[in-house]
Amino acid sequence: MVKWQGRQGSSNIEDRRGQGGGLGGGFGRGSSPLGGGGFRLPTGRSGGGLGGIVIIVIFIGIAMAFGINPLSILTGDTSSNVPFQQTLPPQNANQDELANFVGVMVKDTEDYWGEYFRTQGETYTAPRVVLFSGQTQSGCGVAETSSGPFYCPNDSKVYIDLAFYDQLHRQFGAPGDFAQAYVIAHEVGHHVQNLIGVLPEFNQARQTMTQEQANRASVRVELQADCFAGAWAREEFERGLLESGDLQEAMNAANQIGDDRLTGGRIPPSQFTHGTSEQRMEWFKRGYDSADPTRCDTSNV
Ligand SMILES: [Zn+2]
């Protein structure tokens with residue numbers, strides 16, 4: 001258990017829980033954050049064989065990641081998307097506590113990156129973190145529970161439905177509060193990438209890339225976000241906030257959400273967008289061991 005109780009939370013939390021709906025439907029792919037350049041934690045479960053049509057859809061820039069229900073998202077098949085959402089549990093009884101936990105972890109990332117940017121002579125502008133239930137509007141399209149947590153560079157916000165944490169525990173086999181913290185730190189890592197120019201460069205470059213090249217570039221971006229999360233986790237340790245088992249929870253999460261693990265070997269590595277379990281653990285650990293974000297250069301991956 002990371003020590004968070006009684007500590008100050010972030011003032012950058014935007015709590016939109018209980019405001020779901022009101023968006024006039026539209027589960028289609030056009031409104032998915034995937035289509036709007038969002039950067040998601042890879043929480044995909046495989047949807048089975050990826051056919052030619054999906055490849056085409058990927059080509060129009062949708063598949064930054066394999067979503068929780070990738071085929072339904074990628075093909076705009078609402079009929080399989082909606083029932084999946086309905087299988088999610090209703091709001092947790094302890095969601096408010098979870099929201100407080102997220103607030104404290106976000107604050108810790110603000111402290112860490114704020115200090116790091118200062119040492120570089122720069123100023124860190126923290127992202128806002130939107131808690132929602134069901135769906136909400138984002139600068140990258142409609143955010144849905146099934147989208148999984150993601151970062152939207154267009155509005156510099158992280159979006160997360162806290163129900164995801166149930167799924168992380170039960171479906172992906174990654175329990176523990178520091179696994180949850182890792183998810184936040186990874187998305188905040190994407191925000192840092194946005195600030196330092198990595199994301200803008202990637203979004204520009206991928207327009208002229210083949211799909212395979214874009215996938216490889218995506219893996220480099222994702223592994224760097226993992227490495228940034230690791231560097232932040234090390235700071236938590238240095239501050240005496242971690243207890244035994246916390247680091248393992250984060251490493252286990254990185255392991256469980258590797259592309260190879262999530263897809264069960266059903267897609268070739270050339271279609272990976274986030275990296276294998278081994279890579280994800282390796283880069284998280286690299287950030288942790290070095291405690292230095294400049295060691296998170298993934299350009300040779
Ligand atoms: Zn990511």
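One-based numbering, in listed order, for ligands and for the atoms of each.
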Exercise for the section: Return the orientation label for the Phe164 and Phe172 ring planes: parallel under 30°, perpendicular over 60°, tilted otherwise. Expected result: tilted
Exercise for the section: Salt-bridge test for Arg118 and Glu122: reply yes if a basic N is under 4.0 Å from a carboxylate O, no otherwise. Expected result: no
Exercise for the section: Give a yes-or-no answer on whether the side chains of Asn12 and Glu110 include a donor-acceptor pair shorter than 3.5 Å. Expected result: yes
Completion exercise
Per residue Glu222, nearest N, O or S atom to the Zn ion (ligand 1) is named OE1
Practice task
For the Zn ion (ligand 1), find the closest N/O/S atom belonging to His186 and write down its atom name.
Solution key: NE2
Handout entry: Audit row: His274, Gln279, side chain to side chain donor-acceptor pair (under 3.5 Å) steps and yes/no
Key = CA-CA 9 Å; His274 286 73; Gln279 286 176 312; over 6 Å; no
Practice task
Please state whether the separation between the Zn ion (ligand 1) and some N/O/S atom of His274 is under 2.8 Å?
Solution key: no
